[in-house]
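Structure, as structure tokens:
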Protein chains: 2
Amino acid sequence: RKSLGEHILADFLGCSSTVLRDVEQIRTFMHEAAKRANASIVSEEFHQFRPWGVSGAIIVKESHLTIHTWPEYEYAAVDLFTCGDSLDIWSAMNYLKEKLECASMETADVARGVVRLGGVDSSMRNLPGEEEEEL
Amino acid sequence: RKSLGEHILADFLGCSSTVLRDVEQIRTFMHEAAKRANASIVSEEFHQFRPWGVSGAIIVKESHLTIHTWPEYEYAAVDLFTCGDSLDIWSAMNYLKEKLECASMETADVARGVVRLGGVDSSMRNLPGEEEEEL
């Protein structure tokens, strides 16, 4: 048996409320964090809320990286969902901790999709550039 | 003390591999699930992987709804992250369970951002249409 996905839930506490309010800084830092994890970025969406707060999602080939910020509580919730073990999760998380100027980071690591090993390698999901085939 | 966010991690097992491979069906069902949760959709991104598998993220005002599918394992991982308690989480999840033709669904409910109650109401984060103000 193995898990198809690894899901890191990271809570960033005591962050800079100035940074957490700025959608362009958050977008830049999240983009760089994805690159530092060696993730392959497919698409991204960021949104500035009123009066404050930022939400963003980056879809990467290896799955997703999201953030939601509450500047008024100096808090950000970051998720990194990966399939396979090719990503450098902690390079991304430690980079964000520095850039969001966080006092502390708490993380949980959740196994998603625990399945019996079969004949199909789930890592095939992420091979780009092949023609789709019928099952 | 209260938690700023509620994060539902849902594992859908024994799903239809045909549905899980079809990005347009998945997009339609996720969009409808967000509406059934009474979420306000801000933007969405879906991606078809080769040879199979779909990833998608919908950013909603109340935070996000994501999916990753592994058709070869009849498995999908769905996340619904909400701030506030206005969303009808189970209407969305039960709808998806039906549409993905799942045999079973396992969920975990994670409190994110447990903070002391202060003078600022975090629900303000989601009020649309106001001018941004400097802290």
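This is a predicted model, so every value here is computed, not measured. Order of the sequence lines fixes the chain letters, A, B, ..., with proteins taken first and strands second; residue numbering starts at 1 for each chain.
- Residues Tyr73(A) and Leu13(A) share a single hydrophobic cluster, defined by chaining ILVMFWY side chains whose heavy atoms lie under 4.5 Å apart.
- Counting heavy-atom pairs closer than 4.5 Å to chain B, the top residue among Val110(A), Thr66(A), Asp79(A) is Asp79(A).
- Inter-residue side-chain proximity for Tyr75(B) and Leu4(A) is flagged as met; some heavy-atom pair is nearer than 4.5 Å.
- Contacts of Phe12(A) with chain B are absent, with no heavy-atom separation under 4.5 Å from either backbone or side chain.
- Ranked by heavy-atom pairs under 4.5 Å with chain B, the list Gly56(A), Gly113(A), Ala108(A), Gly5(A) is led by Gly113(A).
- Aromatic ring centroids of His7(B) and His68(A) lie 6.0 Å or more apart.
- Expressed to the nearest 0.5 Å, how far OG of Ser63(A) lies from NE2 of His47(B) amounts to 11.0 Å.
- Linking Ile, Leu, Val, Met, Phe, Trp and Tyr residues whenever their side-chain heavy atoms come within less than 4.5 Å leaves Ile59(B) and Leu9(B) in two separate clusters.
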Side chain to side chain contact (heavy atoms under 4.5 Å, CB included) between His64(B) and Ile67(A), worked out: CA-CA 9 Å; His64(B) 75 236; Ile67(A) 189 168; over 6 Å; no
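- In this structure, Val19(B) is a member of the same hydrophobic cluster as Tyr95(B), with clusters built from ILVMFWY side-chain heavy atoms closer than 4.5 Å.
- Under a hydrophobic-cluster definition in which Ile, Leu, Val, Met, Phe, Trp and Tyr are linked whenever side-chain heavy atoms come within less than 4.5 Å, directly or via other members, Val42(A) and Val54(B) are assigned to different clusters.
- Using a 4.5 Å heavy-atom cutoff, the side chains of Phe46(A) and Ser43(B) are not in contact.
- Residues Arg112(A) and Ala10(B) come closest through the heavy atom pair NH2-O, 3.1 Å.
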